[in-house]
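Notes follow once the structure below has been shown.
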Amino acid sequence: MDLMERRRHLKVGPNPDRKLDYLITLEGHLPNSGGARQAVQVRYVPDKNILDVKSFGAYLEALSTIVWPSPEELAVTVITDINNELIARWVQVTVNAPDLQHHAIETHGVVLEDRQPDWDNPMLLNRLERI
C-alpha cells in the first residue's frame with residue numbers, strides 16, 4: 001500500500017473551538033495482524049481540525065494489511081501520517097505489540113511525540129499519565 005492510499009483513510013473535520021487546548025485520545029488495534037495484536041494509541045491537542053473517529057478505524061484496518069517488521073516502524077508511520085493529515089498542536093503515538101522475538105519478552109512498546117514549534121501548555125501536558 002502506498003503512502004497516498006494509506007493516508008486517504010484519515011479524514012478530518014473542523015475543531016469546534018480553536019481557542020481551547022484540550023486532549024483527544026483514540027485507542028485501537030490492528031485487526032487481523034497475523035495474530036500479534038498491535039495496539040495503537042493516538043493522543044493529540046487539536047489545532048484547526050480534529051480526526052474523524054470512524055476514519056481512524058478504517059486507517060487501522062488499512063495498516064493491518066501491511067507486515068510491520070517492528071513496532072518502531074509502525075509508530076513512525078502513524079505519527080508521520082497523523083502529522084501530515086491533521087497538523088495537531090501536540091501529538092503522541094504509542095504502539096504496544098506482543099514481542100514474538102523471545103519467549104521472555106511480553107510486550108514491545110514505542111512512544112513518539114511531536115509538537116508545533118513554540119506551542120506549549122505545561123498545565124495540560126503535566127497532567128498526562130507519565131510514560
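Just so we're clear, the structure is a prediction, and the values are computed from it rather than from any experiment.
Hydrophobic clustering (ILVMFWY, side-chain heavy atoms < 4.5 Å, transitive): Ile66 and Leu3 are in distinct clusters. Leu128 is not connected to Val40 by any chain of hydrophobic side-chain contacts under 4.5 Å among Ile, Leu, Val, Met, Phe, Trp and Tyr, and they are in different clusters. Residues Trp119 and Val91 do not share a hydrophobic cluster, clusters being chains of Ile/Leu/Val/Met/Phe/Trp/Tyr side chains in contact below 4.5 Å.
Side-chain N or O atoms of Arg89 include one that pairs as donor or acceptor with a backbone N or O of Pro46 at under 3.5 Å. Without hydrogens or angle criteria, Tyr44 side chain to Leu86 main chain gives no donor-acceptor distance under 3.5 Å. Looking only at distances, no side-chain donor or acceptor of Asn96 sits under 3.5 Å from a matching main-chain atom of Ala39.
In terms of heavy-atom proximity, Leu74 sits nearest to Gln38 at CD2-OE1, 3.1 Å. Taking both residues in full, the closest heavy atoms of Tyr22 and Asp17 are given as CE2-O, 4.1 Å, listed atom of the first, atom of the second, then distance. The two atoms that bring Leu60 and Gly28 nearest to each other are CD1-CA, 3.8 Å, heavy atoms only. Annotation for Ser55 and Lys11: closest pair OG-N, 3.0 Å, computed over non-hydrogen atoms.
Put simply, CE on Met1 and CZ on Arg8 are 7.5 Å apart, with the number rounded to the nearest 0.5 Å. With rounding to the nearest 0.5 angstrom, the CG atom of Leu125 is 6.0 Å from the CG atom of Asp120. To the nearest 0.5 angstrom, Asp47 atom CG is 5.0 Å from Arg18 atom CZ. In this structure, Gln92 CD and Gln41 CD are separated by 6.5 Å, a value rounded to the nearest 0.5 Å. Between atom OG1 of residue Thr80 and atom CG of residue Leu112 there is a gap of 8.5 Å, rounded to the nearest 0.5 Å. Distance check: Thr65 OG1 to Glu5 CD gives 7.5 Å after rounding to the nearest 0.5 Å.
With a 4.5 Å cut-off on side-chain heavy atoms, Leu63 and Val78 count as touching. With a 4.5 Å cut-off on side-chain heavy atoms, Trp90 and Asn121 do not count as touching. The closest side-chain heavy-atom distance from Val12 to Leu51 is below 4.5 Å. In this structure the side chain of Trp68 never reaches within 4.5 angstrom of the side chain of Val95, judged on heavy atoms. With a 4.5 Å cut-off on side-chain heavy atoms, Lys48 and Ile87 do not count as touching. At least one side-chain heavy atom of Leu124 sits less than 4.5 Å from a side-chain heavy atom of Val45. Annotation: side chain of Pro31 is in contact with side chain of Glu61 (closest heavy-atom distance under 4.5 Å). Under the 4.5 Å side-chain criterion, counting only non-hydrogen atoms from C-beta, Val76 is not in contact with Val93.
The local environment of CG in Asp118 is sparse, with at most 12 non-hydrogen atoms from other residues, nucleotides or ligands closer than 6.0 Å.
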